[in-house]
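Chain letters run A, B, ... following the sequence lines, proteins first, then strands; residues in each count from 1.
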Amino acid sequence: MAIEDYRGDVEMCCRCSACKHIPLQMVKGVEHSYACPSIARYNFHAYSGGGRLLIAKEMLNSGFKYTDKLLDIVYNCQMCGGCDTSCKYAMDMEVLEPIYEFRIRCVETGHTNPALDKVINSLRKQGTMVPGAKGKRAAWAQGMGIKDATKEKVDVYYHVGCLTSYDKDYQKLARATAKILKKAGVDFGIGYENESCCGGRAFQMGYKDDFLKQAKKNMDMLKKAGVKTLVTGCADGYQAFKVLYDKYNLKGDLEVLHITEYLARLIKEGKLKLNKKVNLTVTYHDPCYLGRLGEPWIHWQGKKIPGYKFVFDPPKVYRRGTYGVYEPPREVLKSVPGVKLFEMDRIKEYAWCCGAGGGVNESNPEFAKWTATERIEEAESTGAEAIVTACPWCEKNFNQAIKESGSDLKVYDIVEIVEKAI
Amino acid sequence: MALSKDVYKEFEDVVGAENISDDPAIKDAYRSPDLTVILPGSTEEVAAVIKLCNKHKIPYKAQSTGWMLFAPTYDFIFMDLRRMNRIIEINEKNMYAVVEPYVISAELMAELFKRGMICNVKGSGSTCTALAMSGHGHMGMTTSTGDRNDLATEWVTDEGEIVRLGTLGASDEWFCGDGPGPSLRGVYRGGGVITRQATKVYHWPGPSEYPLEGLSPRYTLSKKPSEMNMMVRYFSFPSIGKLIEAELKIGESEIAFELMGFCPSMVSSNITTSNEEDFETLEQFTREVQGPGFMVIIVGNFDEDFAYKKKVLAQIIKETDGESLKAVEDPDAEATLLFQCTRVCASIRETFRAGGMFSSMMVQGQRYDNHVRWLEEAAVLKRELIEKGLVIADDGQQFGWGEEGGHLGHTEIFCRYNPYDEKSSKAVQEWLAKVGKRALDGCFAVPSMGILPVDVIGKRASNYHIWFGKLKEAFDPNGVGENTGFSYVGADTSGVHTSIYQKPEKASPKK
Ligand SMILES: Cc1cc2nc3c(=O)[nH]c(=O)nc-3n(C[C@H](O)[C@H](O)[C@H](O)COP(=O)(O)OP(=O)(O)OC[C@H]3O[C@@H](n4cnc5c(N)ncnc54)[C@H](O)[C@@H]3O)c2cc1C
Ligand code: SF4
Ligand code: SF4
């Protein structure tokens, strides 16, 4: 698909601005009513989902004019899909897909962002989205006796992800995950140095070819290793394997589970027992790529039925954020003795982004931090002691914002809470 | 066309570099190649921008939430007021709320719900501004209409003077629009910029927050509406006469929280989550209704009040041969209609989802007899378009709602169509022109949607356009403001009619 294929969708935009806000009946007051970080921070209509479609419409009609401002608009978007969900509450049209395609067109025509180029260079050279990554990908696993899934058959392949593998501050998440899986008696392994970046964040940044390269590489490796079930703790990785690989017909019948889904399953089956009390009041942050954008891909091909209605043959079924992963992480948290869960104003399919998505943490750290700070304040307003997430990128971004704002809020990944409880 | 560097810098000095742009990408999103877009953050900045417009004789236009939806036509300085988004005050004792232009109704309503209150929400929906100054809405039966809700107002004139109207002119209070300070309520709709306004608020007997559950796009309530002393019903009638009789009786008995004269198509759009489901549901509804109808929401203050209102409603429906649409009695459908139509959060399902565009003919302020009859004529003409396959095949009817217990009302009819289909667009424009002309010729109403030239309408309406032109000259000697005032023919329809305003002749943009 290309941006041209979404002409009908961009033309449907009625400029109603629902995409700026969370679904309107969920608005609980003048605070926390926004869904889109970009419009909330930059204010010109161009930065909203609908504004982006209006630009696309104009440029499809009269040619692309790549000004600095246009690129500022394009890259100051977390690709979080808040706009898409809010619009599709009422409308039958794609919003995020054309936004992706617009960014891909920018990259294809050489209108890239230097900070993102740097990340992609690291991907091309080192197979990781962590620029300057040093050492071995699986250094964290040293001495843990974890199987190499490329050498021996395992029931579950644990895809660790770039940040968790290379960032010293977040390797704890990989270790916690391995510890939990062992405790539950799961036969699992990792790819060691054969693991490579999922490519999901490259896709979000607009580098579609790099994404496809990574996807093919990963699927070759997984097929060779005979992997049937993949589990990951990274929301971006989850969405890449489960949704994007499927979108590009690369996933085959690989079962893809986020660690929260897998833990919820293990708890339900009685294989994982959480016995230790963790006295903590928490609020849960739904990562965009696990929540609304973790919804399975729907393969559909059809044509608009000629005439005045925006309907298709065969009927188009839209991904509206309904089938993201919302309950499993909550079930896991509720299973931890002593943990009390308070919900924020913006949750599940209309959660506010952590700020790191779409490469914004690299291209505009100030905006990433601003977005995270909004979320931190929202979390604090619940009275919780900690914000719990299910993605290392969110955790890192929250920690950075907290460091500068001086908030007392603690930040955890869900596996850290579970680790405390076993 | 662009502002000279020096002039641009003068505007930039007022709002800061981050809040001004004439970049093509920004302009594309505002759908005009000729704009410099400015985002003022305060009344003082608005006044300073307008003063600069006067100094350089540059026309300007302001936007609150942009629901007018038409692209600006000639404007040069385009003030998007979205940074002015504060609720200044909610005064529970004196029953008003003071807002800036980019407070949306969803935000104000959520705050008001918590306090047992509500405000008027424009039919366009709750992403529309909560400013009182314009707009009629679904809850008009209880909350009246925009032009009856505005209280004290802070207004920046077309010359950039900050004027405080109503009680605000004599004190710090916002409770009255007409005095003891100056009252210009009939004038400020014609120009300048409203920067803060008090809107009336009303008693809300419902919950402080709806117990919503489920996931988008299919939210529902965890409680049945009846458990909250609330009920939604759709009634159809054997004739327009019976429908009007029922509406009047309901108004007189003061039992309805909301009387929304939806056609079945508007009910089906609201409760369905895709076009396909919508058209299927509509077919079913069309088979089930006996004629024109309305939706009514009853809300009890307490059990006995709820029981009484239901009983009176049942009696009225019996007397007028109304029939309840069974599908709406289903608690899930009822719940959806309840939160959607009191929080007005799915209007675009009714209007834009099906074809991408709608065009409407309406009269605001009136509903009964004359207007319903005029728009029934319009419905006959609309059905011709449906038969030719030019507009969406819905039930084709007029709709509307009662206001202030039925003393006032709103009557409307629209065609939904694909705006990129030339034949459809042309047919709809011709339909509007015909219906508008018929309104004037038949002395039914003053058409208010910018269909006919101002002087054609003005001649039939006491030459108001000439009077308004004189006012405009007095308030806007440099002609930098816009002339929307010319189209505000008595009815309060601020904003929807810019297609007929004229470019101010005196203003010649500086290069
Ligand atoms: C789908 C749809 C349904 C609608 N249904 C209804 C309905 O049921 N009832 C109804 O009454 N209307 C309805 N409308 C019209 C809509 O409610 C009005 O256009 C509304 O008043 C727009 O408010 P706004 O602030 O968003 O308008 P904008 O587009 O921001 O502005 C409208 C006009 O007012 C001027 N203006 C804006 N803000 C200010 C200000 N602060 N001071 C001075 N002038 C200002 C602008 O220059 C412009 O001329 C509907 C519109 C749509 C698209
Ligand atoms: S993208 Fe959707 S929600 Fe946003 S303005 Fe357009 S139609 Fe409305
Ligand atoms: S993807 Fe997120 S940041 Fe980008 S326009 Fe949509 S809501 Fe805003």
Side-chain angles (χ1 to χ4, degrees), chain A residues 8 11-12 14-18 20-21 23-31 33 39 42-48 50-52 54-55 57-59 65 67-70 72-73 85-86 88-93 292 307-311 315-318 320-324 326 348-350, chain B residues 19 21 23-26 28-31 37 39 65-67 69 80 82-83 85-87 103-104 106-108 110-111 114 125-127 209-210 212 215-219 273-276 279 339-340 343-346 348-349 351-357 389-392 417-418 420-421 424:
Chain A
E11 286 178 350
M12 276 301 280
C14 60
R15 209 224 162 276
C16 70
S17 290
K20 291 174 181 164
H21 294 273
L24 297 167
Q25 54 274 68
M26 293 304 176
V27 171
K28 297 180 183 72
V30 78
E31 299 290 332
S33 70
I39 186 69
Y42 294 104
N43 288 309
F44 287 106
H45 187 66
Y47 287 84
S48 67
R52 290 165 197 278
L54 287 172
I55 295 174
K57 180 169 114 178
E58 190 51 42
M59 297 202 176
K65 301 176 277 279
T67 60
D68 289 349
K69 193 73 180 175
L70 177 71
D72 188 70
I73 295 163
T85 299
S86 291
K88 286 174 179 168
Y89 174 74
M91 294 291 280
D92 279 2
M93 58 185 271
R292 57 183 165 246
Y308 43 76
K309 291 183 206 165
F310 201 62
V311 285
K316 180 164 180 183
V317 183
Y318 289 85
R320 297 182 200 258
T322 318
Y323 302 105
Y326 305 118
K348 299 183 184 177
E349 78 280 16
Y350 56 94
Chain B
N19 297 310
S21 179
D23 187 273
I26 295 287
D28 283 348
Y30 289 90
R31 295 166 299 171
V37 184
L39 307 167
T65 40
W67 264 90
L69 300 181
D80 181 342
R82 62 159 280 116
R83 288 177 64 223
N85 58 2
R86 287 153 289 222
I87 295 180
V103 172
I104 61 164
E107 294 168 331
L108 183 60
E111 295 292 347
K114 294 176 201 165
S126 52
T127 47
E209 196 179 303
Y210 275 125
L212 285 155
L215 296 160
S216 180
R218 206 175 284 283
Y219 297 121
T273 57
S274 71
N275 277 329
E276 282 83 3
F279 298 131
F339 62 75
Q340 238 149 239
R343 291 289 292 262
V344 201
C345 36
I348 55 173
R349 282 189 183 176
T351 46
F352 292 108
R353 184 175 66 192
M357 184 48 86
L390 291 165
V391 302
I392 302 281
Y417 61 104
N418 173 0
Y420 299 96
D421 180 322
S424 289

Do you see a donor-acceptor pair shorter than 3.5 Å between the side chains of A/E349 and B/S216? no

May I ask you to decide if the ring planes of B/Y219 and A/Y89 are parallel, tilted or perpendicular, using 30° and 60° as cut-offs? parallel

Is the shortest heavy-atom distance from the side chain of A/K20 to the side chain of B/T127 under 4.5 Å? no

Mind ranking A/V30, A/D68, A/I39 by heavy-atom pairs under 4.5 Å with chain B and telling me who comes out on top? A/V30

Got a donor-acceptor contact below 3.5 angstrom from the B/Y30 side chain to the A/H45 backbone? yes

Show the nearest heavy-atom pair for residues B/A110 and A/G29, with the distance to one decimal. CB-N, 3.3 Å

From the list B/I392, B/T351, B/I104, B/I87, the residue making the most non-hydrogen contacts under 4.5 Å with chain A is B/I392

Please report the interatomic distance CD1(A/I73) to OG(B/S21), rounded to the nearest 0.5 Å. 7.5 Å

I'd like to know which of B/A346, B/A354, B/S424 tops the heavy-atom pair count under 4.5 Å against chain A. B/A354

Quick check: closest heavy atoms across A/Y308 and B/N418, and the distance to 0.1 Å? O-CB, 3.6 Å

Proximity breakdown for B/F339 and chain A, heavy-atom pairs closer than 4.5 Å: side chain

Is it the backbone or the side chain of B/V103 that comes under 4.5 Å from a heavy atom of chain A, or both, or neither? neither

Report the option among B/K114, B/R218, B/R343 that has the most heavy-atom pairs separated by less than 4.5 Å from atoms of chain A. B/R343

Proximity breakdown for B/N275 and chain A, heavy-atom pairs closer than 4.5 Å: both

